[in-house]
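No hydrogens, no waters, no symmetry mates; every other heavy atom, side chains included, goes into these values.
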Amino acid sequence: MRKIFFIVSILLTTSVVFSQQKQVQTSIDTTKNKIGAEFKLTIKTTVDTAAKVAFPNPKILGALEVIQSYDIDTIKKDSRYELIKKYGLTQFDSGKYSIPRLTILINNKPFFSDSLRVEVNNVVVDTLKQKLYDIKPIIEVNSSKSWIWKLALILLLLSGIGAFIYWFIKNRQKKKIEEEVYKTPIEKATSLLNSLEKKQLWQRGEVKAYYSELTDIARNYIEEAIDVPAMESTTSELIEGLRKASQKKKMSLSPDTLKNLENVLQQADLVKFAKSRPLEFEITEDRKKIERAIVILDKSIPVVVEKEDELLLNELQKQEQIRLQLLKKRKKRIQLSVGILLGIVVFTFAFMITTKGFTYVKDVILGNASKELLEGEWVYSEYGNPSVTIETPMVLMRTDLSQSMPKDGMALIKEMQTFLYGSLIGKFQIAVSTFKFKQEGEVDLVKSIDGSLQFMENQGAQNMIVKQEEFDTKQGIKGLKAYGSFSRVDGLTKSSTKFYYEVLLFHQDGGLQQIVIIHEEGDTYANQISSRILDSVELKKVSE
């Protein structure tokens, strides 16, 4: 796991704070300007004529946009050159901003410009020329209209769920008769004919559907009982197949039986394809003809005495068929239950999202890590030396980073302690660090902040927005606060996440104390956590 970048930044800046040779001069034409106006930043260095100097070409300096990078002016003074580089900067939001240090390479050796603070002010409106108007009164919003579409959505969801359940049950009932296991084909045909009459299709005007089911019952019986491919055959092919089967099986069928069956099948063809509409008595007579034909066909089938082994085999096959049918019914019951349960869950979620909002559903039902931290049991404790007293949602764990620190930075450090919770992978991080230096003296907090922000950029922070202001604890101890946002690209997913950060720095008793909070931007609960932590910060001096 990558080490915490804001800890190492302190070590990188301390050496600059205590000692740096002034070979680079930094100036700006004005420290206060209007929104959109140009700040002209000037960097000047004096070098030998043979020296190689490289100025940076940034597009953004902190929160300021570089609108123009001017050409380098060269002035010869005796045997040396004075190189002058200017940058045009601007900002379209009012506030106080910090211009970070720039790195200038002289003979491949880095030198740094000074960090400057500028102020961007709003354009003052002349109220004598610009007319002013009274504030418009508050307009009451009719909240009842907002409930109309919510109610409509709820009713639509209920209708959809009800229609699905009705279709599923009716479809199951429709197939129940077909899936029922019958002992003989004649028993199945008789049962289906009785069920057809109960539907009263032709009485309701559905003559075509009635004849279609009537002839299908007859064709299915012939196919199952006599082994004639009735379902795929035309009427003439079916009658011819019956004649051949009756001769082969030695069935005693009269010509009238086949003729009556043929007449009904032809009548059904006319109804289905020629839109013919028989009279009521003809429909009743056709039904009786089909029933008589099936009964006569069944009685004319020779009875074959099966052997005991064949009877046992048939019985086993029937039992297996019954078992498979029961499994199908059980599976359908399970599917129905799951479908109803999913419908209820979907309806519940939709109802709660409509009435409470998606954020409420996400936080309460799906869970929110930041919300759990905020509402959990907080810990109030001291960390480091010089100690920092702070309240956090979890105990900060001591972390040893001395092995990863630069040797030149560690040479200035007498004592270092770091305490940490979270990570950028989890999108929330709290860290408290304290340093005691071997060399006593004043520490420039502004330059330390600049070093921290510069190191953030070196570790992947992009499009950084920086604002600075003074910070006072409740006991009146003064420090410096930097805050803003930056984006960071994940190395694995290549997705960009925007973070909000707050950095506090205090200089006390020959040491430096730093508190850093980083979390995903837009996280309301994380903002509340950050505010509560910063309100609790207090410092205690180390006894001599």
Return yes when atom CG of Asp71 has more than 12 non-hydrogen atoms of other residues, nucleotides or ligands closer than 6.0 Å, and no otherwise.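 Check fails, neighbour count at 12 or below.
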Surrounding CD of Glu470 (heavy atoms of other residues, nucleotides or ligands, distance under 6.0 Å), is the total greater than 12?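 Open: at most 12 neighbouring heavy atoms sit under 6.0 Å from CD of Glu470.
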Minimum side-chain heavy-atom gap [X]-[Y] below 4.5 Å:
X: Val47; Y: Thr45; value: yes
X: Thr26; Y: Leu116; value: yes
X: Leu83; Y: Ile75; value: no
X: Leu89; Y: Leu61; value: yes
X: Phe55; Y: Ile72; value: yes
X: Lys44; Y: Glu82; value: yes
X: Val120; Y: Phe39; value: yes
X: Asn385; Y: Gln417; value: yes

Please step through side-chain contact (heavy atoms from CB on, under 4.5 Å) for the pair Trp378 and Ile533, ending with a clear verdict. CA-CA 10 Å; Trp378 284 52; Ile533 291 173; 3.8 Å; yes
On a heavy-atom basis, which atom in [X] and which in [Y] lie closest, and how many Å separate them?
X: Pro110; Y: Leu105; value: CA-CD2, 3.8 Å
X: Glu38; Y: Asn33; value: O-ND2, 3.0 Å
X: Leu534; Y: Phe471; value: O-CZ, 3.7 Å
X: Gly36; Y: Phe92; value: CA-CE2, 3.7 Å
X: Glu391; Y: Ser536; value: N-OG, 2.9 Å

Salt bridge between Glu502 and Lys481, side-chain N to carboxylate O under 4.0 Å?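 Result for this pair is yes, salt bridge flagged.
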Using only atom types and a distance under 3.5 Å, with no angle test, would you say the side chain of [X] pairs donor to acceptor with the backbone of [Y]?
X: Ser69; Y: Asn57; answer: no
X: Arg488; Y: Thr497; answer: no
X: Asp48; Y: Arg80; answer: no
X: Gln91; Y: Asp93; answer: yes
X: Lys40; Y: Tyr87; answer: no
X: Ser115; Y: Ile99; answer: yes
X: Thr90; Y: Glu65; answer: no
X: Asn121; Y: Ser94; answer: no
X: Ser387; Y: Gly384; answer: no

Does the side-chain contact (heavy atoms from CB on, under 4.5 Å) test come out yes or no for Val516 and Ile430, once each step is laid out? CA-CA 6 Å; Val516 178; Ile430 310 169; over 6 Å; no
Report the C-alpha separation of Glu119 and Tyr97 in whole Å, then their side-chain angles, then the decisive distance to 0.1 Å, and conclude whether the side-chain contact (heavy atoms from CB on, under 4.5 Å) test is met. CA-CA 6 Å; Glu119 184 176 349; Tyr97 300 94; over 6 Å; no
Quick one: pull up [atom1] in [X] and [atom2] in [Y] and give me the separation to the nearest 0.5 Å.
X: Ile517; Y: Ile529; atom1: CD1; atom2: CD1; result: 9.5 Å
X: Leu480; Y: Phe506; atom1: CG; atom2: CZ; result: 9.5 Å
X: Lys467; Y: Tyr483; atom1: NZ; atom2: OH; result: 5.5 Å
X: Thr392; Y: Ile390; atom1: OG1; atom2: CD1; result: 6.5 Å
X: Lys371; Y: Gln528; atom1: NZ; atom2: CD; result: 10.0 Å
X: Ile104; Y: Ser113; atom1: CD1; atom2: OG; result: 5.0 Å

Aromatic ring centroids of His519 and Tyr500 under 6.0 Å?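 Yes, close enough.
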Could you walk me through whether Ile515 and Tyr383 satisfy the side-chain contact (heavy atoms from CB on, under 4.5 Å) test, starting with their C-alpha distance in whole Å, then the side-chain angles of each, then the deciding distance to 0.1 Å, before giving a yes or no? CA-CA 11 Å; Ile515 299 99; Tyr383 300 96; over 6 Å; no
Check the side chains of Gln513 and Thr434 for a donor-acceptor pair under 3.5 angstrom, ignoring hydrogens and angles.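 Per modelled atom types, Thr434 and Gln513 side chains form no pair under 3.5 Å.
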Answer yes or no on whether Arg101 is positioned over the face of Phe112, meaning its NZ or CZ is under 6.0 Å from the six-membered ring centre and within 45° of the axis.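 The answer is yes, since Arg101 meets both limits relative to Phe112.
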Kindly indicate whether a cation-pi arrangement holds for Lys77 with Tyr81, taking the cut-offs as under 6.0 Å to the six-membered ring centre and within 45° of the axis.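 No.
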